[in-house]
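A short write-up of the structure that comes next.
Every chain is numbered from 1 and lettered A, B, ... according to where its sequence line falls, protein lines coming before strand lines.
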There are 2 protein chains.
Amino acid sequence: MLSQKTRYAIRALQHLADHHGEGPVPLTDIAETQKIPAKFLTVILSELSREGLVDTQRGRDGGYWLALSPIDISYGDIVRLTRGSLALTPCASRFAHESCTNCLPESECRLHRIMLRVRDETARVLDSISLAEPVSLDI
Amino acid sequence: MLSQKTRYAIRALQHLADHHGEGPVPLTDIAETQKIPAKFLTVILSELSREGLVDTQRGRDGGYWLALSPIDISYGDIVRLTRGSLALTPCASRFAHESCTNCLPESECRLHRIMLRVRDETARVLDSISLAEPVSLDI
DNA sequence: CGTAATTCTATTATTATAGTAGACAATAGC
DNA sequence: GCTATTGTCTACTATAATAATAGAATTACG
């Protein structure tokens, strides 16, 4: 499962994508529209800023905006950044691979091979959709 | 991510599939071969037994065995039983649907639609593989 | 009966998650 | 320069989930 925090991050980024090119969007705007607890959102947006996904400006008329064009940010990127991995087991992660605790060697683990396939399919879907996508019911 | 417990459950069931038709397999056999803490495995196998996936016999020469033929147990079934859902968000679960907390209505939530697609792809993979599969590197 | 096995209930330790508090820093506009 | 506004950072807390253990109870075979 994606954590609540990851879900908030994605919806916040969607909101910024919707207002891309309109200058800084204040945090309270995002919080209210997307129903995200404001204080928690400060933590989330600060992390996204540190990771280079959003730019910020302090002070009056400050706020947040996407550091890249929406079309250049895929859902796969976001999940990898906020959650660390798309995979369902540590051993199946491509970019954050770890061996599972108390497991057989990967070469003997049937679950490992299955999880690689699930990860590949998940990546195929999430890497093909960007924040620019309207994501209507029929895509 | 799948929990450690779910991963143990899957590997335990694989072990039982490997010895299907050979009578009761004692818990310690499974624990040793699969490197699963024995006491924890009792909890896991008891649950699988309550859910009807394995049958058990107590006492001397007792143990566990699959209640169904390995070919009739898919990885999708196992994950749904032990984890509740294949989906990455509560709102994207087909059999254990819940609305996400602090979310927009599902009809307006772009993330919801994306997660439905990921769940469908995950289900396609996991429902197509059964415990009878050797799951070699090339399938 | 005795031994080898599973079963059940309860408990614990650890970690992750979700969220809050409050001091601090920067900026724009008057 | 003042001040209101807005983001930043560190620390903290409460709750829940996870992983695992303890120990008594039950069953069944011989």
Side-chain angles (χ1 to χ4, degrees), chain A residues 1-12 16 23-32 34-67 82-85 88-90 96 98 100-103, chain B residues 1-12 16 23-32 34-67 82-85 88-90 96 98 100-103:
Chain A
M1 286 272 177
L2 301 184
S3 66
Q4 181 78 293
K5 190 176 174 183
T6 296
R7 279 181 265 146
Y8 285 156
I10 292 173
R11 298 218 317 278
L16 293 181
V25 181
L27 184 138
T28 44
D29 270 26
I30 309 173
E32 280 169 24
Q34 295 292 329
K35 301 215 290 179
I36 303 174
K39 261 298 189 184
F40 198 22
L41 187 53
T42 67
V43 175
I44 293 166
L45 286 171
S46 296
E47 286 180 12
L48 292 176
S49 153
R50 249 175 279 136
E51 281 152 358
L53 221 51
V54 306
D55 283 335
T56 66
Q57 174 146 26
R58 292 184 175 188
R60 257 201 79 149
D61 302 327
Y64 300 85
W65 64 94
L66 292 184
T82 57
R83 186 207 201 206
S85 165
L88 289 180
T89 56
E98 283 181 68
C100 305
T101 55
N102 282 2
C103 198
Chain B
M1 286 272 178
L2 301 183
S3 68
Q4 181 79 292
K5 190 174 174 185
T6 296
R7 279 182 263 145
Y8 285 156
I10 291 172
R11 298 219 316 279
L16 293 182
V25 181
L27 183 137
T28 46
D29 272 24
I30 310 174
E32 279 168 26
Q34 295 291 328
K35 303 215 292 179
I36 303 173
K39 264 299 190 180
F40 198 22
L41 187 53
T42 66
V43 175
I44 293 165
L45 286 171
S46 296
E47 286 179 13
L48 292 175
S49 154
R50 249 174 279 135
E51 279 151 359
L53 220 48
V54 307
D55 282 337
T56 67
Q57 175 148 27
R58 290 186 175 188
R60 261 201 75 148
D61 304 325
Y64 301 85
W65 64 94
L66 292 184
T82 59
R83 185 208 203 206
S85 164
L88 290 180
T89 55
E98 284 180 67
C100 305
T101 54
N102 281 1
C103 199

Practice task
Would you indicate, yes or no, if C:dG19 has its OP1 or OP2 atom less than 4.0 angstrom from a side-chain nitrogen or oxygen of A:Tyr8?
Solution key: yes

Practice task
Indicate for each nucleotide in nucleotides 12-17 of chain D, in 5' to 3' sequence, whether protein heavy atoms under 4.0 Å reach the base (B), only the sugar-phosphate (S), or nothing (-).
Solution key: ------

Name each donor-acceptor pair under 3.5 Å that joins a side chain in residues 53-64 of chain B to protein atoms two or more places apart or in another chain, with its distance.
none

Fill in the blank from the handout: Among the nucleotides C:dA21, C:dG19, D:dG7, whichever has the atom closest to the side chain of A:Phe40 is C:dG19

Handout entry: Positions of residues 52-61 of chain A (non-hydrogen atom under 4.0 Å from DNA chain C), listed by number
Key = A:Gln57, A:Arg58, A:Gly59, A:Arg60, A:Asp61

Fill in the blank from the handout: Bend of the helix from C:dC1-D:dG30 to C:dC30-D:dG1 from end-axis comparison, five pairs per end, nearest 10°, comes to 10°

Practice task
Output yes when at least one side-chain N/O atom of A:Ser49 is less than 4.0 Å from OP1 or OP2 of D:dG7, else no.
Solution key: no

Practice task
Would you list the pairs meeting salt bridge (charged side-chain N to carboxylate O under 4.0 Å, His left out) in which at least one residue belongs to residues 36-54 of chain A, sequence neighbours left out?
Solution key: A:Lys5-A:Glu47

Fill in the blank from the handout: Taken in chain and number order and not counting sequence neighbours, the residues that satisfy side-chain hydrogen bond (donor to acceptor under 3.5 Å, both in side chains) with A:Thr42 are none

Practice task
Would you indicate which nucleotide in C:dC8, C:dT20, C:dT6 comes nearest to any side-chain atom of B:Thr42?
Solution key: C:dC8

Completion exercise
Between B:Thr101 and A:Gln4, the two heavy atoms sitting closest are OG1-NE2, 2.5 Å

Exercise for the section: Mind checking B:Thr28 for me? I need base, sugar-phosphate or nothing, with any heavy atom below 4.0 Å counting as a touch. Expected result: nothing

Exercise for the section: For A:Arg7, report the nucleic acid contact type (base, sugar-phosphate, nothing); a contact means any heavy atom under 4.0 Å. Expected result: nothing

Problem - From C:dT6, C:dT7, D:dA20, nucleotide with atom closest to A:Asn102 side chain - result: D:dA20

Exercise for the section: May I ask you to verify if any side-chain N or O of A:Tyr64 is less than 4.0 angstrom from the OP1 or OP2 atom of D:dT8? Expected result: yes

